[in-house]
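For reference, the structure discussed in these notes is given below.
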Amino acid sequence: MMILLIAGCLSPLAAQQINLTPEIYHTPVLKTPAHKAVSISLVVVQGTSRIVSCELLWRQPGGEFRTVEMESNTTGFAAIIPEADINPPYIEYAIFLQFDDGLQVSFPAINPLVSPQVTVVIPPQEVKSQGPEFVVLYPSDGAVVFDDQVSIAVSIFDPDSVYDPSSLQVMLDGRSIEVIEKTRTYIFARLDQLSPGSHRVKLKSADYSGQANSDFQWRFSTTTGEGEALLETFNWAFTGEASQEEFGDESEGVLRGDFRAKGEYKNQRYSVRTSVTSDEAWDRQPQNRYTFALEGANYHLTLGDSYPIMSDLVLSGKRVRGVEFGANYRRMYVSAVMGETYKAIENSAYRRYLYAVRPYYASPGGTRIGFSILKSKDDIGSISAASVSPQDNIVAGFDAALPFLNRKLELAFAAAISLTAQDITGGSLSKASLEGTDVELPFDPEPFEPIIVINESLNPPDPLKMGSLAWTTRMSLREFGHNLSLNYRNIGPSYISFGNPYLQNDVAGVNLSDQFSLWKRHVFVNLGLDRQWDNLKDSQSSTTATTGGWATFSIYPCAPAPTLILSLNYRKGGNDISMIDSAVSAGDTIWIDQRRDEETKSISASIMQGIRLFDRRHSLTFSLNHAEFNDLIDDRPSDFTVINSSSSNIGFLWKSHLTTDIEVTGNFAYYASESGYYQYKYNQAGCGFIGRYLNRQLQVSLNANRRFASEDLRRWHTGLRADWEFIPGHDARAEITRYFNDNSADEGIYRLYYFKRF
């Protein structure tokens, strides 16, 4: 597969040995509009090593990370951060990949959970909201339904993104009724048996500032008698993709199809999703996805691939191929999942099964109390030979969230304990097998083997040290326009959960953050401090600690003033090693200096200005990014290489709307980076064109960029893309991308898509 470089600043996650480890490229999402889902993607240049899992973690400032497994596609991996989490002033995310040879790669490459990627969230413009648009699905205005089957189903459209879902009230004949399901886009309620006659439904809502929107209401009538009142809907969508990628004389083609369908019958909602790709292979983890989901008023059932979330410490977004089930009665809920997380691959991976259950209590006021239990174990007989050992893992957790002061203050706590056997090849120990040895056990471990394999590899061997305990606390306060959050976490060195394998252990940390707005929400401010340290049980030779802070200012003044976004980040860290070791090799003394005292600093700024020139709309964006890494120890040995580094990027983007259907762009950027290993500088310039034709049913995009640098970095990048809605609801897309390299093989990408939308 060829290296795919998108125009702009691409950051390599890893560039290991050529043709051994895949090269991973990620284009950071620097900004996004509020309340819109964000797609995060990777481009993979496949080597001989295989990627067995790829996970995305994201959080709001000061919050806990949420996790989801990224789905593979023709160029790499992709995942969606849901719209509910995209709130000003920004979000943070990190990506972790696991290879079949044991290598782990992350983005950012350094301290991804301490200094994750920052995506600025642009808040909606301050406009007077008329409230969301409600579309009644059932019963329609003026409808007559039978009194023994009365449900209310409404779709919600919120173009201004100012509607607060928590403010919604459903009123029936002047009294509030309980809503079974309420999201930003959907309402579902089931009513008790109603008396025959006319009834009125009213929906009351408000925006995030608390200002009430206009009420929405309609009427329907009920009657007695035999019959049914059914809501029957069915929608489907399909995406087909064919791509061909060329690198010099080599080429590779990939096919992929994605089918989705959803509907409702007798108030039971169902959905189907199937994603199939020609990348599926026997020697890698599953690339295809198959999901069938069924949901009613008091239950949900998912068959196939699912990504359950029970607790960040226990199970959070791990793909499970099997069965997921949930049910509720009044305010009591239970969810359970069982299935396969890894398939067996000879000499590479055992088949791994996972079972988890979570009973919990949740009230409409926000109180939540729950327990989680997870069991995950490798199937020893699934393969005959492997380079890794089969393992066994059990986790038990508790979590609670308690709101106070009308949900302005919330306290949350979570704790979990785990036991992991690192090698279960020989099974559990038994008292009989230890006869004649010096080892004495207070109990016989063999009967406990269905719960956990107890042998020499059990981690930890002494649970009383509590190294296998993890716990987190959180306090959030929303008052006086501030969103204050205080978090603490402590993950023991032996804590492992196969439901969240990328949860960093042997680490503790505390962070404090505050978010607020000024001048009628024209300025958004986010401030934060945090400290993190490891070696919690003195199991390592030294302790490493980092302390840092950040500040982000997003300024959205009234026109014609420009928009300004400024981010500052500072972090200082080191260990408590004070001595320099030495070793003798071939008669020479080699000094070994493992001391750490370092700092990282970064600043990024962007200014966006709208311009009216020659009766046409134009915009100019200027961006600046600078980052430094400095070693603060000044008495290193003379032969020690100090790896200080810095990188800078300055960019300009001009966009002109010549007509409502034609746009032209021009861009220029300067890049510079240097460290103890490399140094490079180059300029890049380009232009683009977007035209819309046939009543905007056809859109054509052209772009060309030239990198001006030394011979090994010079290249042309050109692209052509056409989108055509040839039938309402049916779209086709063609893409051609070419890279002409001055000192390496040329590259090309050719893709065809077909979309059928809901």
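Nothing fancy with the numbering, it's 1 onward along the sequence.
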task: With salt bridge (charged side-chain N to carboxylate O under 4.0 Å, His left out) as the test, would you mind laying out the steps for Arg273 and Asp258 before giving the verdict?
output: CA-CA 7 Å; Arg273 177 159 188 178; Asp258 190 310; 2.7 Å; yes
field: Lys262 to Trp236, cation-pi by 6.0 Å centre distance and 45° axis angle
entry: no
So, are [X] and [Y] salt-bridged, with charged N and O less than 4.0 Å apart?
X	Y	value
Lys343	Asp379	no
Arg478	Glu410	no
Arg66	Asp85	yes
Arg352	Glu340	no

- prompt: Under 3.5 Å, is there a donor-acceptor pair linking the side chains of Glu346 and Ser384?
  reply: yes
- request: Would you kindly say whether Arg256 and Ser278 are connected by a side-chain donor-acceptor distance under 3.5 Å?
  value: no
message: Between Phe259 and Phe238 (judged by ring centroids, cut-off 6.0 Å), do the two rings come close enough to count as a pair?
response: no
field: Aromatic plane relationship, Phe216 with Trp218 - under 30° parallel, 30 to 60° tilted, over 60° perpendicular
entry: tilted
What pair of heavy atoms forms the shortest contact from [X] to [Y], and how long is it?
X	Y	result
Ala349	Gln285	CB-NE2, 4.0 Å
Gln268	Gly296	OE1-CA, 3.5 Å
Gly427	Glu449	CA-OE2, 4.3 Å
Ile424	Gln391	CD1-O, 3.6 Å

Name the atoms and distances for all side-chain donor-acceptor pairs under 3.5 Å in residues 359-366, with sequence neighbours left out.
unit_1, atom_1, unit_2, atom_2, d
Ser363, OG, Gly365, N, 3.4
Ser363, OG, Thr367, N, 3.2

